[in-house]
Amino acid sequence: MIASHEDKETAMSHTARTPPLSAALEAFTDTHQEHDASAAEGAAAHSVPSDELDLTLMKKKKKKAVKIDDGEAAGDDEAPAGEDAIDLSMKKKKKKKVVKDDDDFAKKLEALNIEGKDGEEAAPAADENVQDGDMEKGTGIWQHDETKAINYEPLLSRFFTLLSQKNPDHASTGTRSYKIPPPQCLREGNKKTIFANLPEICKRMKRSEEHVTAYLFAELGTSGSTDGARRLVIKGRFQQKQIENVLRTYIIEYVTCKTCRSPNTELSKGENRLYFITCNSCGSRRSVQAIKTGFSAQVGKRRKMKTG
Amino acid sequence: MSIENLKTYDPFAEADDDSGQTKQTQEYIHIRIQQRNGRKTLTTVQGIPSKFDHKKILKVVKKIFACNGTIISDTESKGMGEVIQLQGDQRLKIKEFLTNKDEGLGLDDKTIKVHGF
Ligand SMILES: [Zn+2]
């Protein structure tokens, strides 16, 4: 049962190693192999008798969970007419189109790495090593009248090489130089925290106070209000460090441009309730998730219910 | 290749978010923290796949973490699914439990979002 599950996983990682994937993506397939390995270990652990009560409990639970899991997996395997089957056949087709066999391909690739350009099939994958030095001279894959499609990977490295050459400023200014003033936190009474310089920080990030506040409340799992001096009053006790951490994740999620890392971006409400971040430096645009509070436990509601 | 990308982690997911493709496959597990009175806190775990027995998870987890906890039913959580609620800040421990392949659920790290400070 477990084996069938594993097979699925390995199959996935195999297909992921088809030629269009280059070095960077191999890292991902590697993690998959690790997955498989540890899954195998997990399977082995099953048979090992446990001496602790904790462990036996765990195993019981795990077995149950796995059983259900396997039930699904087995069902998929047994029913070739299912959606999964279609998926698999599609995968196979894909595979066939490009390579006959993974092992074959691996061997071929190895051979190519040693001998240089040889086969026609695997050529696009092998041109990485050819491309490297030739880019500036404009030879090989970078020739002006070259018709061969250039892979994403070399194109990307070309982009970054050019960027660092022609616009070193841009390439180096990352989040490192981006500084926002540290949040000023004061304690109000015993149960509230005042975040004093929220307007200043919002201004620096070019985000509305409402948006930042909503995010803070959602992440901290609390609520609050704004006082007369536009300071944010947060219910609960929070240290400056904690607020800072939340602001940091906010900046990663809602401020910096994922393409060029520039914090010079704008948040706008696009069509159909989606929020978009448009970068002022590179012009890229990405959608961001609306702030969701998610589940929040009823803290103190019971008290209210008692009185009310 | 595009099909594969949908199933495994898509390295360009952040840039391509507006295609909506990644969102369909990535149902996150949210681990949150909430302050109660004083220094006390609560940890809530939302979105553990329903193929797992939540009650058993709770039972095991309570024992390992030495904390109490309850399951908030779907109706109680107002349609957000069953939520496991634990006393204290158990965020790191529960994340470890969810991802551990030998002694936990062996879930993918990337499907788990830890919130809070
Ligand atoms: Zn940008």
Side-chain angles (χ1 to χ4, degrees), chain A residues 12-13 15-16 18 20-21 24-25 28-29 31-32 35 38-39 41-42 45 53-55 57-58 60-62 64-65 68-69 72 87 90-91 94 190-191 218-222 235-239 241-243 245-246 258-259 274 276 284-289 292 294-297 299-300, chain B residues 1-5 7-12 14-20 23 28 30 32-47 49-53 55-57 59-60 63-64 70 72 76-78 80-81 83 85 100-106 108 113 115-117:
Chain A
M12 261 159 68
S13 60
T15 30
T18 42
L21 285 170
L25 291 181
F28 290 101
T29 57
T31 55
H32 268 280
H35 265 269
S38 33
E41 275 168 28
L53 188 66
D54 268 4
L55 276 169
L57 245 175
M58 191 97 83
K60 255 187 224 158
K61 188 224 84 254
K62 202 185 162 194
K64 169 113 202 251
I68 304 162
D69 200 349
E72 282 169 16
D87 256 31
M90 272 169 89
K91 253 185 252 160
K94 265 249 152 101
N190 211 11
K191 286 182 176 170
E219 283 300 297
L220 299 172
T222 183
K235 273 187 198 164
R237 291 200 264 182
F238 298 99
Q239 291 160 2
K241 188 107 209 264
Q242 297 174 317
I243 305 276
N245 283 340
V246 178
K258 288 275 194 273
T259 313
L274 291 171
F276 286 95
S284 97
R285 193 158 164 269
R286 69 178 171 106
S287 79
V288 286
Q289 293 207 318
K292 278 189 221 127
F295 172 75
S296 66
V299 180
Chain B
M1 197 176 94
S2 59
I3 297 166
E4 283 315 305
N5 273 348
K7 291 196 175 150
T8 56
Y9 174 68
D10 182 355
F12 309 114
E14 286 149 339
D16 280 341
D17 241 2
D18 42 1
S19 66
K23 272 176 205 158
Y28 286 110
H30 296 276
R32 295 192 179 83
I33 185 161
Q34 268 178 274
Q35 280 192 352
R36 298 198 299 137
N37 30 11
R39 292 179 58 243
K40 296 190 175 91
T41 48
L42 273 183
T43 304
T44 59
V45 187
Q46 181 192 343
S50 49
K51 66 182 177 188
F52 295 108
D53 189 332
K55 269 185 200 156
K56 286 210 170 143
I57 292 174
K59 203 173 162 188
V60 172
K63 190 146 195 171
I64 313 173
T70 47
I72 315 289
E76 271 179 289
S77 70
K78 287 168 189 121
M80 287 191 239
V83 175
Q85 185 177 306
N100 194 310
K101 285 178 194 83
D102 296 328
E103 298 176 19
L105 303 182
D108 190 352
K113 268 196 178 171
H115 298 265
F117 30 83

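Quick note: numbers below take in every heavy atom, side chains included, and nothing from hydrogens, waters or symmetry partners.
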Worksheet item: Is B:Arg39 close to A:Arg237 at the side-chain level, that is, under 4.5 Å between some pair of heavy atoms?
Response: yes
Practice prompt. Among A:Gly294, A:Gly236, A:Ser284, A:Ala218, single out the residue with the greatest number of heavy-atom pairs under 4.5 Å to chain B.
Written response: A:Gly294
Worksheet entry | B:Gln46 side chain to B:Arg32 side chain, donor-acceptor N/O pair below 3.5 angstrom | yes
Practice prompt. Check side chain to side chain contact (heavy atoms under 4.5 Å, CB included) between A:Gln242 and all other residues, then give those that pass, not counting sequence neighbours.
Written response: A:Phe238, A:Gln239, B:Phe117
Worksheet entry | B:Thr70: partners by side chain to side chain contact (heavy atoms under 4.5 Å, CB included), with sequence neighbours left out | B:Ile72, B:Gln85
Practice prompt. Go through the atoms of B:Lys113 and report whether side chain, backbone, both or neither lie under 4.5 Å from a heavy atom of chain A.
Written response: side chain
Discussion item. If I measure from the heavy atoms of chain A, does B:Thr44 come under 4.5 Å with its side chain, its backbone, both, or neither?
Written reply: side chain
